[in-house]
S.K.: 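Here's a structure for you.
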There are 2 protein chains.
Amino acid sequence: MEFSDGKTIFIQIRDRLVDQILTGKLLPGDKIPSVRELAVDLEVNRNTVMRSYALMENEGIVDNKRGIGFFVSDHARERLIQDEKKFFLLEELPKLVHQAKVLKMVPADFKKLFDQLNENQNENK
Amino acid sequence: MEFSDGKTIFIQIRDRLVDQILTGKLLPGDKIPSVRELAVDLEVNRNTVMRSYALMENEGIVDNKRGIGFFVSDHARERLIQDEKKFFLLEELPKLVHQAKVLKMVPADFKKLFDQLNENQNENK
DNA sequence: TTTACTGTCATAGTATATTATGACACTAAC
DNA sequence: GTTAGTGTCATAATATACTATGACAGTAAA
């Protein structure tokens with residue numbers, strides 16, 4: 001895995017797993033990779049993965065069964081959609097709007113975004 | 001100034017100045033705050049501000065006159081708009097699209113964004 | 001019980017961002 | 001020339017993320 005400079009590694013690992021939960025690649029009850037296994041996979045230290053898992057446990061999106069592993073908690077997805085959507089609309093979107101205005105962007109620049117969102121909406125019909 | 005955890009401080013200081021250039025609060029030829037002055041203002045070390053300024057100098061958006069200070073370079077704004085717009089469309093927007101789809105967002109969620117962009121477009125007429 | 005997984009904890013080392021501080025050099029104005 | 005501003009450089013100290021590694025404990029299955 002390539003890590004970007006912006007965020008710390010253990011946050012990026014958390015974000016990666018959150019994405020897998022949101023996209024349904026990880027379902028409630030699923031076992032997530034063991035601390036050691038993921039550490040080897042991502043070429044990262046055990047402790048760093050531990051930190052990601054501890055964070056996710058605090059967020060209530062994974063459960064820990066000692067000696068067995070970590071598992072996606074029952075309402076992880078609903079909780080994430082609610083929390084991340086709120087964060088997105090309140091924190092990220094305002095910054096986005098500001099940046100778009102400053103860069104003199106117009107709606108046409110967002111055509112791709114708009115198209116993909118419409119596809120997404122049609123899938124739900 | 002309150003610094004977020006995501007990025008390093010010297011990057012956030014750079015972003016702050018870039019924003020002031022993009023919004024026209026800083027114009028070509030304007031002197032930007034001295035290293036020492038801004039350090040006191042932001043309650044940050046001189047060296048940290050120096051690092052921000054060195055970065056901006058490398059980006060070609062400020063010029064350095066030894067013994068006098070740093071000044072916004074002539075085509076800083078055009079260069080920034082070009083570079084940041086490219087970065088925005090190629091790097092940030094794809095992540096945004098992905099996130100929006102994963103969170104099951106629909107165009108209506110972006111009404112505010114588009115309204116403000118339309119205002120912006122009308123201002124330019 | 002042994003084996004092979006799991007997580008947990010502690011310790012030490014490295015890299016980097018940031019701070020703190022002093023000293024030096026350039027420039028402009030008095 | 002003195003003064004007060006500017007940037008520049010070097011050194012040491014601190015905080016934090018990350019690494020490396022070993023040891024210990026819980027769980028499940030052979």
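Chain naming here is simple, since letters A, B, ... match the order of the sequence lines and numbering starts at 1 in each. Just so you know, these numbers use all the heavy atoms, side chains as well, and skip hydrogens, waters and symmetry mates.
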S.K.: For residues 28-37 of chain B, which residues have at least one heavy atom under 4.0 Å from DNA chain C?
M.R.: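 Output list: B/R36.
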
S.K.: What is the distance from CD1 of A/I68 to P of C/dT6, rounded to the nearest Å?
M.R.: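 Rounded to the whole Å, the gap is 12 Å.
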
S.K.: Any Lys/Arg nitrogen of B/E57 or B/R66 sitting under 4.0 Å from an Asp/Glu carboxylate oxygen of the other?
M.R.: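 No, no charged N to carboxylate O under 4.0 Å.
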
S.K.: Take atom CG of B/L55 and atom P of D/dT8, then tell me their distance rounded to the nearest Å.
M.R.: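 So the two atoms are 14 Å apart, to the nearest Å.
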
S.K.: Scan B/N47 against the nucleic acid and name what it touches under 4.0 Å (heavy atoms): base, sugar-phosphate only, or nothing.
M.R.: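 Base: the residue B/N47, judged by heavy atoms under 4.0 Å, touches a nucleobase.
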
S.K.: Measure the distance from CZ on A/R66 to P on D/dA25 and round it to the nearest whole Å.
M.R.: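 In whole Å, D/dA25 P lies 9 Å from A/R66 CZ.
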
S.K.: Rounding to a whole Å, what distance do you find between B/L42:CG and C/dA17:P?
M.R.: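 Those two atoms, CG and P, are 19 Å apart.
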
S.K.: If you compare every side-chain N and O of A/R51 against the phosphate oxygens of D/dA17 (OP1, OP2), does one of them come in below 4.0 Å?
M.R.: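 Answer is yes, contact under 4.0 Å.
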
S.K.: Between B/F10 (CZ) and C/dT18 (P), how many Å, whole number?
M.R.: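 Spelled out: CZ on B/F10 to P on C/dT18 is 6 Å.
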
S.K.: With side chains defined as the heavy atoms from C-beta onward, is the minimum distance between A/L38 and A/I32 less than 4.5 Å?
M.R.: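 A/L38 vs A/I32: side chains apart.
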
S.K.: Counting heavy atoms from C-beta on, name the nucleotide in D/dA25, D/dC9, C/dA28 closest to the side chain of B/R46.
M.R.: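 Of the candidates, D/dC9 comes closest.
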
S.K.: In Å and rounded to the nearest 0.5 Å, what is the CD to CG distance from A/E78 to A/D83?
M.R.: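 Reported to 0.5 Å precision, the distance equals 11.5 Å.
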
S.K.: Working to the nearest 0.5 angstrom, can you tell me the gap between A/I68 CD1 and A/K31 NZ?
M.R.: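 These two atoms lie 9.5 Å from each other.
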
S.K.: How long is the line joining CD1 of B/I11 and P of C/dT18, in whole Å?
M.R.: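 Nearest whole value for this atom pair: 9 Å.
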
S.K.: Find out whether A/P33 and A/Y53 are in side-chain contact, i.e. whether some heavy atom of one side chain is under 4.5 Å from a heavy atom of the other.
M.R.: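 A side-chain contact exists here, since the closest heavy-atom pair is under 4.5 Å.
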
S.K.: Please round to the nearest 0.5 Å and tell me the distance separating atom CG of A/D15 and atom CD of A/E84.
M.R.: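 A/D15 atom CG to A/E84 atom CD measures 7.0 Å (nearest 0.5 Å).
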
S.K.: Could you work out which one of D/dA20, C/dT19, C/dT8 sits closest to the side chain of B/N45?
M.R.: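 Taking heavy atoms from C-beta onward, the closest nucleotide is C/dT19.
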
S.K.: What's the CG-P distance between B/D63 and D/dT6, to the nearest Å?
M.R.: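 It works out to 18 Å between those atoms.
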
S.K.: Quick one: B/F3 CZ to C/dT19 P, roughly how many Å, whole number?
M.R.: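 These atoms are roughly 8 Å apart.
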
S.K.: Name the residue closer to the 5' end of DNA chain D, choosing between A/V44 and B/E57 according to the nucleotide with the nearest heavy atom.
M.R.: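 Checking each residue's closest nucleotide, the 5'-ward one belongs to B/E57.
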
S.K.: Picking from C/dA28, D/dG7, C/dT19, which would you name as closest to the side chain of B/F70?
M.R.: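 Selected nucleotide: D/dG7.
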
S.K.: Considering only heavy atoms from C-beta outward, does the side chain of A/M105 approach that of B/F88 to under 4.5 Å?
M.R.: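 Counting from C-beta outward, A/M105 and B/F88 do come under 4.5 Å.
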
